[in-house]
K.L.:
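Once you've had a glance at the structure underneath, I'll fire off some questions.
Values in this document were obtained by computation on a predicted structure and should not be read as measured data.
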Amino acid sequence: MIADNLRDVRETIAAACRRCKRNPDEVTLVAVSKTFGVERIREAVEAGQLDFGENYVQELLPKREQLPNREMRWHFIGHLQSNKAKFIAPFVHLIHSVDDFDLAKELNKRAANLGRVVHALIEVHTTDESTKFGVLPERTLALVKSVAALPNVRIRGLMTMGPLSGGTETARWSYRMLRELRDEVAAAGIEGAAMEHLSMGMSNDYEVAIEEGATIVRIGTSVFGERS
Ligand SMILES: *Cc1c(COP(=O)(O)O)cnc(C)c1O
């Protein structure tokens, strides 16, 4: 069943890419496995899925231990507390949710101790909804500049959470803003910041996100089913 869902999502991604003349290889599907157990994740791995997203450190660590597959890539997509950075710094593939300099500094310190460079996206708050995390658009350039100066954190682009309500056209506005912001930051030519990635789009709106330039879509429900 998960294999069927994955195939459907991949086909939808490919179709969205064709519509806007993009190469589907430019879009990475991150399967958001939060709340789902390792059996379901294993099913997805067997169907060829290797990128997974989790929101909570305390949920991610035991899952990773039970799934010792070295090819799996774990994306951290939730709010990360500084005091938890040390637990994921050794293995995380990409942290999507860096939104403050203190967190980046802590990641840098932990990564340096490990002789590693941690790859990260800056999370931007692009909606009116007040419950979300993320740096404000007008402060993004300054944050990218300061994080880019940290030698063991490598910025790879921006991430946003679309609006929870309002439908796909409201989401489009949010995603377009993120792309324009990315273009502005890229044009500033900040040394140490690669701005190639836009992590945006979830089950309800990933086609719109792809039309607006997403290079990473984070999809839970359409892959694993409804969360209880
Ligand atoms: C849960 C979650 C998703 C996936 O949401 P779905 O609607 O289930 O696809 C994507 N991104 C983040 C940050 C999430 O917390």
Side-chain angles (χ1 to χ4, degrees), residues 5-34 44 49-55 73-79 93-99 119-129 131-137 140 144 155-187 193-227:
N5 292 348
L6 277 167
R7 196 202 50 227
D8 289 349
V9 170
R10 288 183 194 126
E11 277 173 9
T12 305
I13 290 172
C17 286
R18 274 196 301 278
R19 281 200 304 277
C20 55
K21 305 201 161 41
R22 295 186 57 198
N23 179 350
D25 295 341
E26 287 171 15
V27 180
T28 298
L29 163 61
V30 172
V32 177
S33 48
K34 64 183 180 200
Q49 180 65 28
L50 293 172
D51 289 276
F52 292 89
E54 288 281 342
N55 291 53
R73 296 182 283 265
W74 292 102
H75 296 246
F76 193 83
I77 63 173
H79 178 64
H93 179 69
L94 182 65
I95 300 177
H96 293 225
S97 47
V98 172
D99 63 358
H119 291 228
L121 306 177
I122 300 296
E123 179 173 357
V124 183
H125 186 121
T126 56
T127 72
D128 297 336
E129 290 165 16
T131 55
K132 300 279 186 57
F133 295 104
V135 64
L136 291 174
T140 303
V144 170
I155 297 183
R156 303 291 303 275
L158 305 179
M159 175 272 215
T160 199
M161 286 279 281
L164 297 175
S165 56
T168 54
E169 290 311 306
T170 311
R172 184 188 299 281
W173 189 84
S174 190
Y175 297 153
R176 186 167 297 170
M177 176 194 281
L178 194 73
R179 186 192 62 207
E180 288 172 357
L181 190 56
R182 188 274 311 269
D183 292 346
E184 266 175 51
V185 175
M195 298 306 297
E196 76 265 44
H197 283 301
L198 287 171
S199 169
M200 55 192 198
M202 321 204 303
S203 293
N204 285 334
D205 55 26
Y206 65 96
E207 293 178 77
V208 161
I210 289 168
E211 288 166 14
E212 295 300 329
T215 64
I216 303 175
V217 290
R218 310 178 308 267
I219 300 179
T221 311
S222 294
V223 171
F224 291 104
E226 294 287 340
R227 289 180 291 274

K.L.:
How far apart are the C-alpha atoms of Ile216 and Asp51, what are their side-chain angles, what is the distance that settles it, and do they pass the side chain to side chain contact (heavy atoms under 4.5 Å, CB included) test?
P.N.:
CA-CA 10 Å; Ile216 303 175; Asp51 289 276; over 6 Å; no
K.L.:
To the nearest 0.5 Å, tell me how far Arg176 CZ sits from Glu211 CD.
P.N.:
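Interatomic distance, Arg176 CZ to Glu211 CD, rounded to 0.5 Å: 9.5 Å.
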K.L.:
Can you give me the closest heavy-atom contact between Cys17 and Val27, atom names plus distance?
P.N.:
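Between these two residues, the closest heavy atoms are SG-CG2, 3.8 Å.
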K.L.:
Please test Asn55 against Val32 for side chain to side chain contact (heavy atoms under 4.5 Å, CB included), starting from the C-alpha separation and ending with a verdict.
P.N.:
CA-CA 9 Å; Asn55 291 53; Val32 177; 4.3 Å; yes
K.L.:
Minimum heavy-atom separation for Ser222 to Asn5, with atom names?
P.N.:
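Nearest heavy atoms, Ser222 then Asn5: O-CB, 3.3 Å.
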K.L.:
Show the nearest heavy-atom pair for residues Gly134 and Asp99, with the distance to one decimal.
P.N.:
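Heavy-atom minimum between the residues: N-OD2, 3.0 Å.
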K.L.:
Ignoring hydrogens, what is the shortest heavy-atom contact between Ser33 and Trp74? Give both atom names and the distance.
P.N.:
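For Ser33 versus Trp74, the nearest heavy atoms are OG-CZ3, 4.2 Å.
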K.L.:
Under the side chain to side chain contact (heavy atoms under 4.5 Å, CB included) criterion, do Met161 and Thr127 qualify, and how do the steps go?
P.N.:
CA-CA 8 Å; Met161 286 279 281; Thr127 72; over 6 Å; no
K.L.:
Between the side chain of Ser97 and the main-chain N/O of Gly78, is any donor-acceptor distance below 3.5 Å?
P.N.:
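Yes; judged by distance alone, with no hydrogens or angles, the pair exists.
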K.L.:
At their closest point, which heavy atom of Phe133 faces which heavy atom of Glu123, and how far apart are they?
P.N.:
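Looking at all heavy atoms of both residues, the closest pair is O-OE2, 3.5 Å.
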K.L.:
Side chains of Thr160 and Tyr175: does their closest heavy-atom pair fall under 4.5 Å?
P.N.:
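The answer is yes; the side chains approach within 4.5 Å.
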K.L.:
If you define the side chain from C-beta out and look only at heavy atoms, does anything of Val135 sit under 4.5 Å from Val124?
P.N.:
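With C-beta onward as the side chain, the pair touches.
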K.L.:
Using the side-chain contact (heavy atoms from CB on, under 4.5 Å) criterion, which residues pair with Thr168? Sequence neighbours excluded.
P.N.:
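Only Asp205, Val208 meet the side-chain contact (heavy atoms from CB on, under 4.5 Å) criterion with Thr168.
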K.L.:
For the side chain of Gln49 and the backbone of Leu29, is there at least one donor-acceptor N/O pair under 3.5 Å apart?
P.N.:
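Between the backbone of Leu29 and the side chain of Gln49 there is a qualifying donor-acceptor contact (under 3.5 Å).
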K.L.:
Which atom names give the shortest non-hydrogen contact between Thr170 and Pro163, and what distance separates them?
P.N.:
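Answer, listing the atom of Thr170 first, then Pro163: CG2-CG, 3.8 Å.
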K.L.:
Hey, can you pull the donor-acceptor pairs under 3.5 Å for the side chains in residues 195-202, sequence neighbours left out?
P.N.:
{"from": "Glu196", "atom 1": "OE2", "to": "Arg156", "atom 2": "NE", "distance (Å)": "2.9"}
{"from": "Glu196", "atom 1": "OE2", "to": "Arg156", "atom 2": "NH2", "distance (Å)": "2.6"}
{"from": "His197", "atom 1": "ND1", "to": "Thr215", "atom 2": "OG1", "distance (Å)": "2.7"}
{"from": "Ser199", "atom 1": "OG", "to": "His96", "atom 2": "ND1", "distance (Å)": "2.9"}
{"from": "Ser199", "atom 1": "OG", "to": "Arg218", "atom 2": "NH1", "distance (Å)": "2.9"}

K.L.:
Can you give me every donor-acceptor pair (side chain of residues 6-13, partner residue at least two apart or in another chain, under 3.5 Å) with its distance?
P.N.:
{"from": "Arg10", "atom 1": "NH2", "to": "Ala47", "atom 2": "O", "distance (Å)": "3.3"}
{"from": "Thr12", "atom 1": "OG1", "to": "Asp8", "atom 2": "O", "distance (Å)": "2.8"}

K.L.:
Take atom CG of Asp128 as the centre, draw a 6.0 Å sphere, and report whether it contains more than 12 heavy atoms from other residues, nucleotides or ligands.
P.N.:
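No, CG of Asp128 has 12 or fewer neighbouring heavy atoms, counting only those of other groups under 6.0 Å.
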K.L.:
Given side chain to side chain contact (heavy atoms under 4.5 Å, CB included), test Leu181 with Arg179 step by step and report yes or no.
P.N.:
CA-CA 5 Å; Leu181 190 56; Arg179 186 192 62 207; over 6 Å; no
